[in-house]
Number of protein chains: 4
Amino acid sequence: MPKETFNNLPEEKKNFIIQIAIDEFYEYGFEKSSISRIVEMSGIAKGSFYQYFEGKEDLFRFIMTMASEKKLEYLSDLMSNLNNLDIFRLLRALFLGSLVFQKDNPKLSGLTDGFLKNANSKLKEIIMGDSIKNSNLFLENLLLQDIARNEIRSDLNISFTAHLITGVAVSLSDYMRDRFDDMEKLDEKMYEDLVDESIKLLKEGIEQKPQTCNGCAC
Amino acid sequence: MPKETFNNLPEEKKNFIIQIAIDEFYEYGFEKSSISRIVEMSGIAKGSFYQYFEGKEDLFRFIMTMASEKKLEYLSDLMSNLNNLDIFRLLRALFLGSLVFQKDNPKLSGLTDGFLKNANSKLKEIIMGDSIKNSNLFLENLLLQDIARNEIRSDLNISFTAHLITGVAVSLSDYMRDRFDDMEKLDEKMYEDLVDESIKLLKEGIEQKPQTCNGCAC
Amino acid sequence: MPKETFNNLPEEKKNFIIQIAIDEFYEYGFEKSSISRIVEMSGIAKGSFYQYFEGKEDLFRFIMTMASEKKLEYLSDLMSNLNNLDIFRLLRALFLGSLVFQKDNPKLSGLTDGFLKNANSKLKEIIMGDSIKNSNLFLENLLLQDIARNEIRSDLNISFTAHLITGVAVSLSDYMRDRFDDMEKLDEKMYEDLVDESIKLLKEGIEQKPQTCNGCAC
Amino acid sequence: MPKETFNNLPEEKKNFIIQIAIDEFYEYGFEKSSISRIVEMSGIAKGSFYQYFEGKEDLFRFIMTMASEKKLEYLSDLMSNLNNLDIFRLLRALFLGSLVFQKDNPKLSGLTDGFLKNANSKLKEIIMGDSIKNSNLFLENLLLQDIARNEIRSDLNISFTAHLITGVAVSLSDYMRDRFDDMEKLDEKMYEDLVDESIKLLKEGIEQKPQTCNGCAC
DNA sequence: AATGAATGAGATTTCATTCAT
DNA sequence: CATGAATGAAATCTCATTCAT
């Protein structure tokens, strides 16, 4: 984590450095990104950088943690209003929140998503620690609760289903990122539609169901 | 792509070099993997390497292409027998085939998956070229065909649904990789179950459907 | 030499800083020792350090000078009582005094000895100035005086012999330091024996002398 | 130790690099000496240096080992002719040999001596390993043998006396180095005298012995 | 075709010292 | 007087690539 010296910096300068770092990591990934470039772009001295951070990894860890926290903040605000919703409404809110976050913080969002998906990164475990496990646990608990409520199928493999739901969420983010370089152009309607589509897939699947006896007398 | 000199090598030597390269890329990722290490492990001279390949990127592109082709081979053998199946049976066969491929080529499979998921890589577009688009096009065509056959919902956003299906497939692979370091230990029953679960999710969703009028007279 | 500001500090703080500096120089030597570490351990600000001392070299010179003075103090107390002793008794007292000093100030003593022995150090001359020359002059005068008294051989190369005596003294210190990490454990008997052995070597050499005519009438 | 690549270099180039390195280490000591300076002076590329050596420590270790071996060669040539001499004649030959070596290799000699005397160097043990212990063992065995032959005093503390003898040898070297910047100017007579003086000190001490009954009848 | 030494730009990091507050 | 952020030169080391043999 950054040293005290970094926290003591004027907010403006701090944010500037952070933004430069996000850009660098987003552009080049962790390995290829360069502290030299970061300090040059930031207009700070190399020595100063090392008075702010332990090193490259420290900076990266900080950026990733900050991203997670920022996202969590986004989502937990949402979720505070959403107790006792069924899982589909909850997921809808979470997916929507994620996309809003993504729209507001496109590089940061891309950075964390990309990092999380990079299966080979030795750093993943070190840096993200238990946050992934926790996220999966959260989903698993939701699933269990809704099974108890008889709202979802009881024959589900819980851990696997949680994993698939995460996969769908990530796919949704990817799709947005791929389609729209400039997220500004997106109107809310468009991504609400995609979220609804994702939720519907999770809820009902894509099969054309046989006509259920509607309007009959049974 | 490799130079003529590489193709002229004895098959055995070629395969040895390829295997070393796969190991290296799997272990370290593209950026951190080292040509020096590869030539040392391979027992070939540095100069020789540059007579076989243009450079690191060329080697990587070659490995990735080879992986795609190998996987496609696997799958197209399957698919030649599967005309006119509905999309769920087809996907089931494809998913199953993918897992078998993954079991037989764990590093190669992990390598391609990981690379595909790394959204920020400048190399992705250059190296994978149209193969992703093609894969999506294939799925989209399947979806269109089954909508026509009235087998799946007609209100789907085709391109997005194709994207989500790919996401589910990737999640399935991930889940297997995470759970089972040594894929050898997996018996077919286990991954058949997971495949079926994935297909069921795609088909029916996870919702507990209301009792359809069973045994009634309608 | 330290600036006025350092002298104005409370004695306690001064001694604390000095102790930290001795530890640092003893542990890492001059080149590798770090002002950053010293100020951190001392709990003073970097800027303060540079208000106390000109820089690293100034601090080092100060510590070394202080060490010499402290040692000289030790020894001159001894020597005030030792006028008109022959050189061997005098050296015995000096060697013994040095070892006591070494026992009481192990790091300080190791620091000065080590520094003096480091022949290549550009700093040696600058920092120790004439103190080595003076020490040699003192010995040379002793030798001259005892030659006059007919107590030692008259065929000695004075300056070289003085140098060798210093060498023996240093060897004695080394031997103690090497053998006994924790000087506390040494009882006085042990180092008195070593001192006597050193003095005897200087006095008589190590040769087995032929029996001198004892009890005969010549 | 240097890599194969260094050994494969033309002898001339190898020696040139070695000489540059000796100069650098002699001038600046291990810590302050700079690989950058060495490669610049040598006219080789930085990368080349790291293809020849593992790093700075590797180079230093190599130089020190080489120095020891070279000196040992010098001395063992001498010693092959000196079996069964008493310890004083043997030491005389060794001291004389060391000075000749020192005259022919002033920097190399100064480098090893200085390094050996630097008590604080963490590297000392790592780099010189058992060679110091072995040298002391050699002396101790000589002493034991000559005690058995009744040629030296039997009341000596063997290990301490060996240590003192080494100290005298080192003092001798120092004295030469200090006095004569340009060792070329030394004629053999001068250092033979100093060696003899050192040996005499070890043998007889510096005391003026009482007249032994000469020519009397006892 | 094979070899492997040579290259040098670029990476991260350290640290004594300065200086504005 | 105290503070500690700013500085930037210099350090060690890496590595893909070239090229003469």
Side-chain angles (χ1 to χ4, degrees), chain A residues 3-10 13 28 31-40 43-59, chain B residues 3-6 8-9 31-40 43-59, chain C residues 3-6 8-9 31-40 43-59, chain D residues 3-10 13 28 31-40 43-59:
Chain A
K3 303 180 188 173
E4 200 52 34
T5 46
F6 183 68
N7 287 324
N8 296 342
L9 252 39
K13 189 169 181 181
Y28 296 99
E31 311 292 4
K32 281 282 236 181
S33 64
S34 150
I35 295 297
S36 295
R37 212 155 31 208
I38 289 172
V39 298
E40 196 188 4
I44 61 174
K46 275 238 187 91
S48 297
F49 175 84
Y50 283 90
Q51 265 179 331
Y52 302 152
F53 301 95
E54 306 280 354
K56 195 191 196 179
E57 195 179 309
D58 185 35
L59 171 62
Chain B
K3 303 181 187 172
E4 198 52 35
T5 47
F6 182 68
N8 295 342
L9 289 178
E31 311 292 7
K32 281 280 240 182
S33 65
S34 147
I35 294 297
S36 296
R37 216 157 25 212
I38 289 173
V39 297
E40 195 188 3
I44 62 174
K46 270 255 185 77
S48 299
F49 176 84
Y50 284 90
Q51 265 170 334
Y52 302 153
F53 300 95
E54 306 280 353
K56 196 189 193 181
E57 195 179 308
D58 184 36
L59 171 63
Chain C
K3 303 181 188 172
E4 200 50 36
T5 47
F6 182 67
N8 295 341
L9 288 179
E31 311 293 4
K32 282 280 240 184
S33 65
S34 147
I35 294 298
S36 297
R37 214 156 27 210
I38 288 171
V39 298
E40 195 188 4
I44 63 173
K46 273 255 185 78
S48 298
F49 175 84
Y50 284 90
Q51 265 170 334
Y52 303 153
F53 301 95
E54 306 281 352
K56 195 189 194 181
E57 196 180 307
D58 185 35
L59 171 62
Chain D
K3 303 181 187 171
E4 199 53 34
T5 45
F6 182 67
N7 287 324
N8 296 342
L9 252 39
K13 189 170 182 179
Y28 296 98
E31 311 292 4
K32 282 282 236 181
S33 65
S34 149
I35 294 298
S36 295
R37 212 155 30 211
I38 288 173
V39 297
E40 196 188 4
I44 62 173
K46 269 235 195 96
S48 296
F49 175 83
Y50 284 91
Q51 263 177 332
Y52 301 153
F53 301 96
E54 306 281 351
K56 195 191 196 178
E57 195 179 310
D58 185 36
L59 171 61

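Proteins get letters first, then strands, A, B, ... in listed order; numbering begins at 1 in each.
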If you look at every heavy atom in [X] and [Y], which pair is closest and at what distance?
X      : Y      : result
Y52(D) : T5(D)  : CA-OG1, 3.6 Å
K56(D) : E31(D) : NZ-O, 2.8 Å
Y50(D) : I35(D) : OH-CG2, 4.0 Å

If only side-chain N and O atoms of [X] are considered, is one of them under 4.0 Å from the OP1 or OP2 phosphate oxygen of [N]?
X      : N       : result
Y52(B) : dA2(E)  : yes
S48(D) : dT7(E)  : yes
K32(A) : dT12(E) : no
K56(D) : dT12(F) : yes
Y50(D) : dC15(F) : no
K13(D) : dA6(E)  : yes
S36(B) : dC15(F) : no
N8(D)  : dA5(E)  : yes

- Item | Side chain of K46(B) - closest among dT12(E), dT17(F), dA2(E) | dT17(F)
- S33(C) or E4(B): which one's nearest nucleotide on DNA chain E is closer to the 5' end? E4(B)
- Message: Does atom NZ (K32(D)) have a neighbourhood of more than 12 heavy atoms from anything else shown, all under 6.0 Å?
- Response: no
How many whole angstroms separate atom [atom1] of [X] from atom [atom2] of [N]?
X      : N       : atom1 : atom2 : answer
E57(C) : dC15(E) : CD    : C1'   : 16 Å
D58(D) : dT12(F) : CG    : P     : 14 Å
E40(A) : dT7(F)  : CD    : P     : 14 Å
I35(D) : dT12(E) : CD1   : P     : 21 Å
R37(C) : dA16(E) : CZ    : C1'   : 13 Å
F49(D) : dC15(F) : CZ    : P     : 17 Å
Q51(C) : dG4(F)  : CD    : P     : 13 Å
E31(B) : dA11(E) : CD    : C1'   : 14 Å

- Query: Pick the nucleotide of DNA chain F nearest each of E54(D) and A45(C); which residue has the one closer to the 5' end?
  - Reply: A45(C)
- Message: Under 3.5 Å for both donor-acceptor distances, Watson-Crick or wobble: does dT21(F) have a partner, and if so which one?
- Response: dA2(E)
- Distance (rounded to the nearest 0.5 Å) between Q51(B) CD and E4(B) CD: 13.0 Å
Under 4.0 angstrom, heavy atoms only, what part of the nucleic acid is [X] near: base, sugar-phosphate, or nothing?
X      : result
G47(C) : base
S34(B) : sugar-phosphate
K3(C)  : nothing

- Item | Student check: side-chain heavy atoms of L59(D) and F49(D) closer than 4.5 Å | yes
